[in-house]
J.: 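One structure follows; several queries about it will come next.
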4 protein chains.
Amino acid sequence: MPRTKKDVVTEFRTSEILRAAHRVFAERGFEQATMEDIAKVAGVAKGTLYLYYASKQDIYAAALHRCAVELTARTSSALDGAAGVEDKIRAFIAAKLRFFEEHRDFFRLYDQEFGRLPHRHGAKGRHVDELYLAQVTALEHVLQQGVRGRVIRPIRTQAVARAILDMSRSLATRRLREPGHGDLEDDIAFAFDLTWKGIGHR
Amino acid sequence: MPRTKKDVVTEFRTSEILRAAHRVFAERGFEQATMEDIAKVAGVAKGTLYLYYASKQDIYAAALHRCAVELTARTSSALDGAAGVEDKIRAFIAAKLRFFEEHRDFFRLYDQEFGRLPHRHGAKGRHVDELYLAQVTALEHVLQQGVRGRVIRPIRTQAVARAILDMSRSLATRRLREPGHGDLEDDIAFAFDLTWKGIGHR
Amino acid sequence: MPRTKKDVVTEFRTSEILRAAHRVFAERGFEQATMEDIAKVAGVAKGTLYLYYASKQDIYAAALHRCAVELTARTSSALDGAAGVEDKIRAFIAAKLRFFEEHRDFFRLYDQEFGRLPHRHGAKGRHVDELYLAQVTALEHVLQQGVRGRVIRPIRTQAVARAILDMSRSLATRRLREPGHGDLEDDIAFAFDLTWKGIGHR
Amino acid sequence: MPRTKKDVVTEFRTSEILRAAHRVFAERGFEQATMEDIAKVAGVAKGTLYLYYASKQDIYAAALHRCAVELTARTSSALDGAAGVEDKIRAFIAAKLRFFEEHRDFFRLYDQEFGRLPHRHGAKGRHVDELYLAQVTALEHVLQQGVRGRVIRPIRTQAVARAILDMSRSLATRRLREPGHGDLEDDIAFAFDLTWKGIGHR
DNA sequence: AATGAATGAGGCTTCATTCAT
DNA sequence: GATGAATGAAGCCTCATTCAT
């Protein structure tokens, strides 16, 4: 099944468009972004966008999806690369924060979608939700493993997994909101520490 | 200083418009909401909106502000009404979650603004930011008190205060995202427990 | 037929409204002037305007009419007060220029209407046209008298009368357009001289 | 430098839009003219107007400018084509009146702008003012030449140049105001005669 | 008579989408 | 396939006019 030249071009265009869409949606948000903007950044004509995607909505969904895929890949490999439960959790948090630190555009997009309730573009998020759930599940497995090994006290693992996701997202938000927020590693350590020990005095 | 009838009417209109704006902005988001929508829900003509607010932006800002004020009032009195440090924190989390549970529209609006990075309507949020900071500070004082009394271990109180705010917002988001999410009191207990003890086994 | 108090009030209001209308229309032109503006300057409420005039159009027409009446009165008495033909013409030109110099608002209004072709408010001008014609006729009589007395060469008196009106209006326009235009008396002398002798060398 | 087909289309559209704008602005004036009207007359959709001009103001300015350019071209070539001072002046007046007679729309537009004081759209007229001044200057040179050659008596040439411009504009206004005004050539002769000889008996 | 809050038609402008080249 | 000119629906806002008080 040889990839034709057409395939290559298609892939290239698709990729350029998504990259552009990312940037534009991240900068301006869904409504303020215009097809014109995206086309310009992508280096194609406005009409071309419609050869690859059916609508603005579709481009947004695709951009968001790619964003989620990349993040998921990152966190998955972080989990795989770490040894014990404690390290896995720390690695997870670190991976997420580092990823966002490096790809602020991605984060802005991700944040627009996950930090809040959906209104209207709801439908677009189907696949994205699955990726989100995949992350939750992966983290949940780690937690369950920790509970079984008595490293973690008995807790509602799914709820905690989500709380960890939320906390890291919130932290990333804050880091972008307030530039000069301090050392990233400190924040990672802080988030992990809080997660792990809570605030109560022993 | 007798309030004239005019004042009453003005107040009534203002209030009706804000109520309507709340609903519409919450349902559709800033961009998708139309002045027409708001007017219809408020039961007035489009032009009337402009007798009370100078622009769509202004209405949004006012609605958001009212939202923040009400929430802040709620959490403040929760803090005041609780006795010890532990109770205060629990009360704070509970107040926030209950408030949002009761006023879903408020939350949707609040969430649109606080759960994410600002793009453009940034300027509108000046006062709102102050209210947010007031909450952070109030909670921070409680935490400092706890640290001094050795009820709470030595931590970066501001960062933790923010983390608590974020966690409760995230939880509220999830509750609205997924209806039938379970008992509210359970979630409150969970959030507090996690905050207080962390996940680590002692 | 004793004038009731009502009549006095009516007259006062009418007058105030027209004065205000003058100023506002002169400053902003018909379309840019708002009823709100006029009401504010007149010191009455917007609704009150409609008790005295049926529409914005009507106010405009009335203001214009008053303007024309005052100007006509001025030029008429100038003609009456001067002795010979030559003096009458000079006095006419002088009266017009001086009047506009003193009442720039009037001129702006007058100019908006007479310096140009009518488009839409055409109907309003009926009475005003009559006043304009009255001026033409008055001046024409003087010219005819001059022709009969051989002081003026045989010419189409009506056309010349209009030309004189136009020239003085144009001069006034230029004086307002370009502040610091020079001495008024010089311009009067110039206009008369040009009118009287033409530019040809004898 | 081959003109592409695109250039041709662009030029055509631009021209059609200006032609339409001319007509509409001439008929209704700036404020009463709507973009809808212009689009309809131009045979394009409303949005298309904005592909060629940034705003209603811009279209107006462009239409006015074209109007002034065409008139200036006409009067310039009239001056060039005539021999002596006397003929040049007559040719100038004739050119202006004939031009307006043939292009009534142009005149209506021109008149709206030049016969009166500017209020607000003032800024638009920069280039147009230059063209006006160019006319004044051209005519002034002729007058100066006449003065030097003793064909014209010593006069303030600039003021007279302006007076001639004004008189011809006024005459054109009158011709359009009152249809059936009589033979154009008669009016030209009259205007020149009056200008040249004045009204005084020799 | 006077008020001014309320109305809603209508204008300018933007932009997602289409389609002829 | 690629283009970008053209479209026209839709939104924010203004303001002449009305009418209940």
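Residue numbering restarts at 1 for every chain, and letters A, B, ... go by the order of the sequence lines.
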J.: Starting from Watson-Crick (N1-N3 plus N6-O4 or O6-N4) and G-U wobble pairs under 3.5 Å, report the runs of at least three that DNA chain E belongs to.
T.: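 Stem segments, range with range: E:2-21 with F:2-21.
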J.: Measure from OH on D:Tyr52 to P on F:dA6 and round the result to the nearest Å.
T.: 3 Å
J.: What nucleic acid atoms does A:Ala33 come within less than 4.0 Å of, heavy atoms only: base, sugar-phosphate, or nothing?
T.: sugar-phosphate
J.: Rounded off to whole Å, could you give me the CD-to-C1' distance for the B:Glu31 and F:dC12 pair?
T.: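 Spelled out: CD on B:Glu31 to C1' on F:dC12 is 13 Å.
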J.: Please find the pair of heavy atoms, one from C:Ile59 and one from C:Leu18, that lie closest to each other, and give the distance.
T.: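 In terms of heavy atoms, the two residues are closest at O-CD2, 4.0 Å.
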J.: Got a salt bridge between D:Arg19 and D:Glu16, using NZ or NE/NH1/NH2 to carboxylate O under 4.0 Å?
T.: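 Looking at D:Glu16 together with D:Arg19, the answer is yes, because their closest N to O distance falls below 4.0 Å.
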J.: Ring-plane angle category for A:Tyr60 and A:Phe30, please: parallel below 30°, perpendicular beyond 60°, tilted otherwise.
T.: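 It falls in the perpendicular class, over 60°.
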J.: Classify the nucleic acid contact of C:Lys46 as base, sugar-phosphate or nothing, counting any heavy atom under 4.0 Å across all strands shown.
T.: base
J.: Just to be sure I understand the rule, does B:Thr48 reach a base, reach only the sugar-phosphate, or reach nothing, if contact means heavy atoms closer than 4.0 Å?
T.: base
J.: Just verifying a value: how many Å separate B:Leu51 CG and B:Ile17 CD1, rounded to the nearest 0.5 Å?
T.: 8.0 Å
J.: E:dT7 P sits how many Å from C:Met35 CE, rounded?
T.: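 For the pair C:Met35 CE and E:dT7 P, the rounded distance is 20 Å.
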J.: Nearest-Å distance, NZ (D:Lys56) to P (E:dT14)?
T.: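 After rounding, the gap between these two atoms is 15 Å.
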J.: Give the minimum heavy-atom separation between A:Ala20 and A:Ile38, together with the two atoms involved.
T.: CB-O, 3.6 Å
J.: I need the CZ-P distance between C:Phe30 and F:dT14, as an integer number of Å.
T.: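 The distance from CZ of C:Phe30 to P of F:dT14 comes to 19 Å, rounded to the nearest Å.
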J.: Please find the pair of heavy atoms, one from C:Ala63 and one from C:Ala21, that lie closest to each other, and give the distance.
T.: CB-CB, 4.2 Å
J.: Any base atoms under 4.0 Å from B:Ala54, or only sugar-phosphate, or nothing? Heavy atoms, all strands.
T.: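 Counting heavy atoms under 4.0 Å across all strands, no contact is made by B:Ala54.
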J.: Of all heavy-atom pairs between D:Leu131 and D:Ala68, which one has the smallest distance, and what is that distance?
T.: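 Heavy atoms only, the tightest pair is CD1-CB, 3.6 Å.
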J.: In whole angstrom, give the distance that lies between atom CD of D:Glu36 and atom P of F:dA9.
T.: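 Spelled out: CD on D:Glu36 to P on F:dA9 is 10 Å.
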J.: How many Å lie between CD1 on B:Ile38 and P on F:dC13, as a whole number?
T.: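 Atom-to-atom, B:Ile38 to F:dC13, this comes out as 10 Å.
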J.: Here's a test of your reading of the structure: between D:Tyr50 and A:Tyr50, which maps to the more 5' nucleotide of DNA chain E?
T.: D:Tyr50
J.: Which is true for A:Ser55 with a 4.0 Å heavy-atom rule: it touches a base, it touches only sugar-phosphate, or it touches nothing?
T.: sugar-phosphate
J.: Pick base, sugar-phosphate or nothing for C:Tyr53, based on heavy-atom distances below 4.0 Å to the nucleic acid.
T.: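 No contact.
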J.: Treating D:Lys46 as the side-chain partner and D:Asp37 as the backbone partner, does any N or O pair qualify as donor plus acceptor under 3.5 Å?
T.: no
J.: Report yes if at least one side-chain N or O of C:Arg13 is closer than 4.0 Å to OP1 or OP2 of E:dA1; otherwise report no.
T.: no
J.: Grab the CD-P distance between A:Gln32 and F:dC12 for me, whole Å please.
T.: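 Rounded to whole Å, this separation is 12 Å.
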J.: Which nucleotide wins on minimum distance to the side chain of D:Ala45, given the candidates F:dA16, F:dG8, F:dA2?
T.: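 So the nucleotide nearest the side chain must be F:dG8.
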J.: Heavy-atom nearest nucleotide on DNA chain F for D:Val44 versus B:Gly47: which residue maps closer to 5'?
T.: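 Whichever sits nearer the 5' end wins; that is D:Val44.
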